[in-house]
Amino acid sequence: MSGPLHRQGQDAYDGIRLWVDHVAGAGGVTLGQNRSNRPLRLVALDDASSASRARENVVKLLTEEHVDLLLGPYGSGSTLAVVPLAAAHEKILWNHGGASDAVTEAGSGHVVSVLSPASDYLRDLPRLVRHRTGARRVTVLYARRGTFGASIRRGVEVGARAAGFDVVRAIAFDTPLRDTRTLLAAALADSPNLLVVAGRFEDDIAITRERRLLETVGTVACVAAGTDAFHQELGVPCRRGDRTEPMGASSVRATFDRATLGLVLL
């Protein structure tokens, strides 16, 4: 797997590969009225974090590999790009990595999403943090590009206002992040009790590394903190009480791939 999300890509591919191997060991997947077992063939194509490559991959999977089920791709932009192709070929797209609300709002009957909409990920976090710490000021840092970060922002804003926060701010930034300290200076201007970060993996890491600047913030929540690689990059163990919080209980951990995959029933 390649591209900005290669870590998540490899994790997801390994997980799907394990499932396919498990099915093979059990004699295949049971289908049909006669409950016969059918073997599976997994076809994985790297889209290198590109929506256009994802479209090319899906065309190949559908027209050359003749897959029965599409898995992925990861990323809301790539997912939105391939939804029409799945619908045109009347194939199910198993969406495990496009969490932006835009995917849900597209409303295709050929998409099965296993993720909560991104706006739900941290919607209840402000209420929880206020209950535990009395926080009343929140700032959201989110990636300007794409729809995922904006969905996270909307959810936090709705949750913060419902929880009675006095100050609710949102600051967009360009990714990859170039000047972390300048961004944090703007984010900390109102002395937030809660700081939410929704960028790419590297952006979240760069911001969290500035621990000294974040010492005045009671709670820092990063969407990327749901992955094991996040804590490995920071060189700290993943344990309860860390300043980096995983995604909300209503969501699936962010360890899915950036590849486009298809399954063929043999």
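Note that the structure is a prediction, hence the values are computed from the model and not measured.
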How close do [X] and [Y] get, counting heavy atoms only, and between which atoms?
| X | Y | result |
| --- | --- | --- |
| Lys91 | His110 | O-CB, 3.5 Å |
| Leu93 | Gly72 | CD1-O, 2.6 Å |
| Val103 | Ser113 | CG1-OG, 4.5 Å |
| Ala206 | Thr180 | O-CG2, 3.6 Å |
| Leu141 | Phe173 | C-CE2, 3.7 Å |
| Ile92 | Leu69 | O-CD1, 3.5 Å |

Salt bridge present between [X] and [Y] (N-O < 4.0 angstrom):
| X | Y | answer |
| --- | --- | --- |
| Arg211 | Glu215 | no |
| Glu65 | Lys60 | no |
| Asp120 | Arg123 | yes |

Can you tell me if [X] uses its side chain to pair, donor with acceptor, with the backbone of [Y] under 3.5 Å?
| X | Y | answer |
| --- | --- | --- |
| Arg35 | Thr30 | no |
| Arg127 | Ala160 | no |
| Ser100 | Ala102 | yes |
| Asp203 | Pro176 | no |
| Asp190 | Pro192 | no |
| Thr79 | Pro73 | yes |
| Asp204 | Gly199 | yes |
| Ser151 | Asp101 | yes |

**Report entry** Arg144/Thr175 under side-chain contact (heavy atoms from CB on, under 4.5 Å): CA gap, chis, key distance, verdict
**Finding:** CA-CA 7 Å; Arg144 190 189 313 277; Thr175 186; over 6 Å; no
Would you give the length of the straight line joining atom [atom1] of [X] to atom [atom2] of [Y], rounded to the nearest 0.5 angstrom?
| X | Y | atom1 | atom2 | value |
| --- | --- | --- | --- | --- |
| His66 | Arg41 | NE2 | CZ | 9.5 Å |
| Ile171 | Leu184 | CD1 | CG | 9.0 Å |
| Leu61 | Leu71 | CG | CG | 9.5 Å |
| Asn37 | Leu31 | CG | CG | 8.5 Å |
| Ser119 | Arg153 | OG | CZ | 11.0 Å |

Close side-chain approach of [X] to [Y], heavy-atom, < 4.5 Å:
| X | Y | result |
| --- | --- | --- |
| Leu195 | Thr219 | no |
| Arg145 | Asp174 | no |
| Ile152 | Tyr121 | yes |
| Leu194 | Arg137 | no |
| Val223 | Leu122 | yes |

Query - salt bridge (charged side-chain N to carboxylate O under 4.0 Å, His left out) against Arg136, all qualifying residues, sequence neighbours excluded - result: Asp166
Query raised in the report: Residues two or more places apart in sequence or in another chain: which of them pass salt bridge (charged side-chain N to carboxylate O under 4.0 Å, His left out) with Arg209?
Result: Glu233
Query raised in the report: Could you go step by step and tell me if Thr139 and Leu188 meet the side-chain contact (heavy atoms from CB on, under 4.5 Å) rule?
Result: CA-CA 8 Å; Thr139 297; Leu188 301 178; over 6 Å; no
Do you reckon [X] sits in the same ILVMFWY cluster as [Y], going by side-chain contacts under 4.5 Å, direct or chained?
| X | Y | result |
| --- | --- | --- |
| Leu45 | Val59 | yes |
| Val158 | Val167 | no |
| Val114 | Leu80 | no |
| Leu128 | Phe165 | no |

Query - Arg55 and Ser52: side chain donor to acceptor below 3.5 Å - result: no
Query raised in the report: Is atom CZ of Arg169 surrounded by more than 12 heavy atoms (other residues, nucleotides or ligands) closer than 6.0 Å?
Result: yes
Query raised in the report: Could you go step by step and tell me if Leu177 and Leu183 meet the side-chain contact (heavy atoms from CB on, under 4.5 Å) rule?
Result: CA-CA 9 Å; Leu177 186 56; Leu183 177 65; 3.7 Å; yes
Report task. Could you go through the side-chain contact (heavy atoms from CB on, under 4.5 Å) check for Val138 and Val156 one step at a time? Result -> CA-CA 9 Å; Val138 59; Val156 173; 4.1 Å; yes
